[in-house]
There are 4 protein chains.
Amino acid sequence: MSSNSTGKLFTVTTFGESHGPAIGCVIDGCPPGLAIAPEEFRTDLDRRATGRSRHTSQRKEADEVEILSGVYEGRTTGTPIALLIRNTDQRSKDYGDIAQTFRPGHADYTYWQKYGIRDPRGGGRSSARETTMRVAAAVIAKKWLAERHGVRVRGYLAQLGEVVPQGFEWEAVEQNPFFWPHEAQVPELEKYMDALRKSGDSVGARVNVEAEGVPPGWGEPIYGKLDGDLAAALMSINAVKGVEIGDGFAAVTQHGSQHRDEMHMDGFTSNHAGGILGGISTGQAVRASIALKPTSSILIPGHSVNLAGEAVDVVTKGRHDPCVGIRATPIAEAMMALVLMDHALRHRAQCGDVGEIKPRIP
Amino acid sequence: MSSNSTGKLFTVTTFGESHGPAIGCVIDGCPPGLAIAPEEFRTDLDRRATGRSRHTSQRKEADEVEILSGVYEGRTTGTPIALLIRNTDQRSKDYGDIAQTFRPGHADYTYWQKYGIRDPRGGGRSSARETTMRVAAAVIAKKWLAERHGVRVRGYLAQLGEVVPQGFEWEAVEQNPFFWPHEAQVPELEKYMDALRKSGDSVGARVNVEAEGVPPGWGEPIYGKLDGDLAAALMSINAVKGVEIGDGFAAVTQHGSQHRDEMHMDGFTSNHAGGILGGISTGQAVRASIALKPTSSILIPGHSVNLAGEAVDVVTKGRHDPCVGIRATPIAEAMMALVLMDHALRHRAQCGDVGEIKPRIP
Amino acid sequence: MSSNSTGKLFTVTTFGESHGPAIGCVIDGCPPGLAIAPEEFRTDLDRRATGRSRHTSQRKEADEVEILSGVYEGRTTGTPIALLIRNTDQRSKDYGDIAQTFRPGHADYTYWQKYGIRDPRGGGRSSARETTMRVAAAVIAKKWLAERHGVRVRGYLAQLGEVVPQGFEWEAVEQNPFFWPHEAQVPELEKYMDALRKSGDSVGARVNVEAEGVPPGWGEPIYGKLDGDLAAALMSINAVKGVEIGDGFAAVTQHGSQHRDEMHMDGFTSNHAGGILGGISTGQAVRASIALKPTSSILIPGHSVNLAGEAVDVVTKGRHDPCVGIRATPIAEAMMALVLMDHALRHRAQCGDVGEIKPRIP
Amino acid sequence: MSSNSTGKLFTVTTFGESHGPAIGCVIDGCPPGLAIAPEEFRTDLDRRATGRSRHTSQRKEADEVEILSGVYEGRTTGTPIALLIRNTDQRSKDYGDIAQTFRPGHADYTYWQKYGIRDPRGGGRSSARETTMRVAAAVIAKKWLAERHGVRVRGYLAQLGEVVPQGFEWEAVEQNPFFWPHEAQVPELEKYMDALRKSGDSVGARVNVEAEGVPPGWGEPIYGKLDGDLAAALMSINAVKGVEIGDGFAAVTQHGSQHRDEMHMDGFTSNHAGGILGGISTGQAVRASIALKPTSSILIPGHSVNLAGEAVDVVTKGRHDPCVGIRATPIAEAMMALVLMDHALRHRAQCGDVGEIKPRIP
């Protein structure tokens, strides 16, 4: 199976380089009859887009989605849905100088070692530009999950460098360019980012994502576990270095009497598990958290080598995000939505015969 | 593709329940001509086995591996290798009482909700018993990786509850039942575990695993990234709640100037990335770390419900590990070995034509 | 995905060599709650078994199926079902002499060229012995298809060398060792086979298989077409050299006005298409026909070479079928059942939302 | 895995409807460094294109291929190659009238029954228009196979209705619009087709395709057999109702002493097997033959029903091929090339370690 595809039954295949003619994806396995219009991609693509504020890359992405197939008179037909976005505002000259050098912390060296050839323009295939199509494909998954199962997937920035939220309001998240859950801290974040940008450096971040309304029973033992698939999907996002489900690494110092989520007929008393037990959803909110490294595209010189094997100092010009985590929230939501969509279909394939199961805990 | 299979080209399919007649696996895609004998499975199966010390479950697992196919006159033939282990010492009576109740923190409830039927004997398919076959399959992967590429995969217990290593000696790891890297602390760990067992509770742990000798170029963009596949493989291990590659969550508070691994022709100056950039190996050691939750099988009563929807108190009798992390080291090694084996084959499939790539950093 | 696996959602992985310790399979994706007992495998395994009459190989196959996993208290649990059959009566000495030579028309040479090593005992993995597990796995598929959808899969021997049926009675098929649909010709076939066996030669055959009760809508464009998957499944049977759907090669000389199946609300007027249009079932009987070559295991000397590259004459001793087609009927049924089972699950995965579609032609 | 994808390692995913905005494909797994230019697609696309002669559909397909990704400075980079062709000259009005009716012998009814919705314009996804992308993708496969292994894939029209070749010259095939191997018969074919077109009817055909230069060892037991994959690939072509490998159905009446291909150190004495034994290539020419049904798009009225369940008479207007087999030759070549390419990569993945195998028969 294509390594540029994700999902067993709701299969999304992406293609395209950062500065090639276009990026796109093919979505295969979408149930027929779902209403979908080009303008529905707008919201999430804007949330992910660069240039929303001075705190993200200044590259302007128009990101007009064209639906090439699989939709007839506004409804999905069950055949592959191809989405295309033409690349614009590419400014390849910004990158010309790095064709000969390997930027430290980037995929330049590894792509070169693997393929013996690489497209250096904007990082080519390794650019986060590819995640645009994940977000686009997930718009369809999110809509189906919401309409068919009442599932709601949403996320927020849970840490920016050393800064952690001092409060939590879901309403706040979409009110600021950071997806930060506590409005009162936004000025502090603005100051933090301005100082960071001035220093020419970058910083890491943590993003939390969760899905409410997931019914119990999604996920498959043993290598198709819901948490296993989430881990792969989230780790595949550029710059992600860690994935947690529920309490994650906090569980290392916990005791069993404290971690296990007790059950009553009116509900679970806690959700340390993050809504997944044995790889299968419990019916609670599915919760994951990811760590994003600080981007290596910074203005501070770094030691590296060039194609000739000579020592060089690298400074990454061009337009970059001082904190890639800021725009990662919609991408993390997208990957969780794609995994849930795939498992929703997988579950009904194998267990479509199984009727209502009692007892069910709300 | 089977959800009980892992690997695209070196495909391992496992089967079997904890207290069924047998567990086993089918390994498809193994290169032909590899010498393998039944006794070669012994070492790693013993490292994973229960009953090695008073600090793990007292269930005695003989774990005699029978090779059913794919090996002729001591060598692999390229056809599927089936391995079988008969279950012994099952003591199902220990579990009879839980057939009617859902143990908190276990897969009992989720399997029931998914399938409407479950094998309650020892947790059935959700038992860590299944990991025995991962370790067995990985014996073949480890051997091929070592012979063909000089790759060495090994791990250790990096944290036990609050206890962290005060020193590090690889030689120590195999000298104590904890896979602990600092011999001087073993008495402390013994005392810790004895107290824990007496309390009837359990605790979490962290296991680190790494692979040396991995050449640059293994791993595939975008959804077949080496770190993405490692995340899925490691998260699929029972009780794992978090996965880190390289610095993992520590990267959240790092700056780009600090995180990026600079390059010189005589090597990298650091390995914050964990040997992977853009999903492809750099040639450095591939490093991952996992968090294991405290087992929910404890003697302290917990609230739950039964099949009749009545509130019950659950106490898990039977033989259990107060810290499942202790035996997780060989399992984590196994999953890393299986992923690397798969990518070794995938790499030569696509890039077998590519000659030596210059410059290469040692 | 394993090349020894078939099926995307109802995935069957087989293993084992003709004269190894055992053959077996792992069935993953079976819906939970299906009642299945070891004795239910008996009928079809006996139909496929050698030694039923003097017209097939005299190898005696006990073929006792052991269920190793996935079934609890007589019902499938949704976890992998492993089936095992120990090999008995192997007589490897019969084959000792062919370890050094390549039998013409056999897989000896190709396995050797591919792997550089081969298990010569009874043809190893290339033996039709492997098909035993396809028949066993299909017992489960047939039962589910019958219970859930009223689908009935059955086949018959449609040609034996030059002999074609002079009449057709479904009732006759199971009344003779040839699966021949016209009782009156059985004595003729007996005579034909006796003469053939005396001559030491073998002959080809044609087997027809069909499924009644398949609802419209199973099968997926473009590379998951029902006929495409049937073609792969049937061609994968040992000795098969051709596959037809519906009229097959007869369509070459037909005109469109004659081939197209006209529709009325009370049904189709014909079934030239074999129940499949555009890769999707029409609701009519799904019909396929296969050509089986004459086995190359004959007593008439044939020219070949040996491992030393010397010219040799090969005579195949051992116990062989003068017409492998005779026992192919249950195998062809099995492959059709496995493909239909897989597509039944695939259809409800993607189209489980779609309600009753009007108009439907009976 | 996507049902609109073919190939395990050289994976081609196609999308697009006959009269939608565009058709395209994504090719994943192509080895890096292969030189490829847009104009290289021209030859085979023209061979497949309609409107080459008065004997095929008069729809004019410009078929300008745009390479959207995966190629940098004229060479493949190892990342997904997306190819796009905009649809032109669609004349949807020709099809407006069939939105409400099911054309007999078409996929109209089955798509409707499966999805509950269909794109009626030109048959939507079920149109042979989709095969354009197979031919495009195969241009890359053919080039790599030729450069890397000296493999040459070519085909010809082996029967047109009742007309069979009276002679055979490879040179003739590309000299006439029928891909007919005997020049002298071309006038006869012209007359045949003119009469057929005047009658408003259509006719079936047979196409043969073969690959020379395939080394021994390609193909995988049991469900990844080279002939099994070829059968699926060829049967997936629109209108194909039968597939033969080597002697195919002629083997039914053959004897083993006649069918088996004897071996000498200087070669095989025959090729009844079609270059495949046990699912693995022998090193001889790989030979397949397919039966194509007469198109159901004819001017002769046929009985059917409409969406309202009323009886209707259907006459298919629009521009159609009176014999779809005429243009099927490059499509059959394409599918064989794609299967061989995939197996070339699969073989080196598993058997890349295996050195030169002796003895090898030329």
Side-chain angles (χ1 to χ4, degrees), chain A residues 1-5 7-34 66-87 99 111-112 114-121 124-126 130, chain D residues 1-5 7-34 66-87 99 111-112 114-121 124-126 130:
Chain A
M1 179 179 139
S2 161
S3 284
N4 288 273
S5 297
K8 181 178 175 178
L9 293 183
F10 188 82
T11 306
V12 178
T13 303
T14 68
F15 62 84
E17 276 76 38
S18 175
H19 288 53
I23 56 174
C25 70
V26 183
I27 302 160
D28 198 12
C30 184
L34 183 72
E66 182 182 14
I67 301 175
L68 295 179
S69 65
V71 176
Y72 178 63
E73 294 182 342
R75 298 195 165 274
T76 59
T77 62
T79 61
I81 301 166
L83 304 178
L84 189 74
I85 295 177
R86 292 280 169 181
N87 285 324
Y111 271 63
W112 179 253
K114 183 177 189 66
Y115 300 116
I117 178 176
R118 70 183 173 98
D119 178 346
R121 302 167 302 169
R125 182 70 179 152
S126 69
E130 182 271 344
Chain D
M1 179 178 139
S2 161
S3 285
N4 287 273
S5 296
K8 181 178 174 178
L9 294 183
F10 188 82
T11 307
V12 178
T13 303
T14 68
F15 62 83
E17 277 73 40
S18 176
H19 288 53
I23 56 174
C25 71
V26 182
I27 303 160
D28 198 12
C30 184
L34 182 71
E66 182 182 13
I67 300 175
L68 294 178
S69 66
V71 176
Y72 178 63
E73 295 181 343
R75 297 195 166 274
T76 60
T77 61
T79 59
I81 302 166
L83 304 178
L84 189 74
I85 295 178
R86 292 280 169 181
N87 285 325
Y111 271 63
W112 179 251
K114 182 176 189 68
Y115 299 116
I117 179 177
R118 69 183 175 97
D119 179 346
R121 301 166 302 168
R125 183 68 178 152
S126 69
E130 181 270 345

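Proteins come first, then strands; the chains are lettered A, B, ... in the order of their sequence lines, and each starts at number 1.
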Sort D/Glu73 into side chain, backbone, both or neither according to what part of it lies under 4.5 angstrom from a heavy atom of chain A. neither

Hey, does A/Pro80 have a side-chain heavy atom less than 4.5 Å from the side chain of D/Arg125? yes

Examine whether an atom of D/Ile67 lies under 4.5 Å from a heavy atom of chain A, and if so say whether it belongs to the side chain, the backbone or both; otherwise answer neither. backbone

Please identify, among A/Thr13, A/Leu68, A/Ile27, A/Ile81, the residue contributing the most non-hydrogen atom pairs under 4.5 Å to chain D. A/Leu68

Are A/Thr79 and D/Asp119 side-chain neighbours, meaning at least one heavy-atom pair lies under 4.5 Å? no

Highest number of heavy-atom pairs under 4.5 Å with chain A among D/Gly116, D/Gly78, D/Gly124 belongs to D/Gly78

Between A/Arg121 and D/Tyr72, which heavy-atom pair has the shortest distance, and what is it? NE-CE1, 3.6 Å

Identify the two heavy atoms, one from D/Ser3 and one from A/Asp28, that lie closest to each other, and give their separation to 0.1 Å. N-OD2, 3.1 Å

Let me know if D/Tyr111 has heavy atoms under 4.5 Å from chain A in its side chain, its backbone, both or neither. side chain

Atom of D/Glu66, atom of A/Pro21 and distance for their closest heavy-atom approach: OE2-CB, 4.4 Å

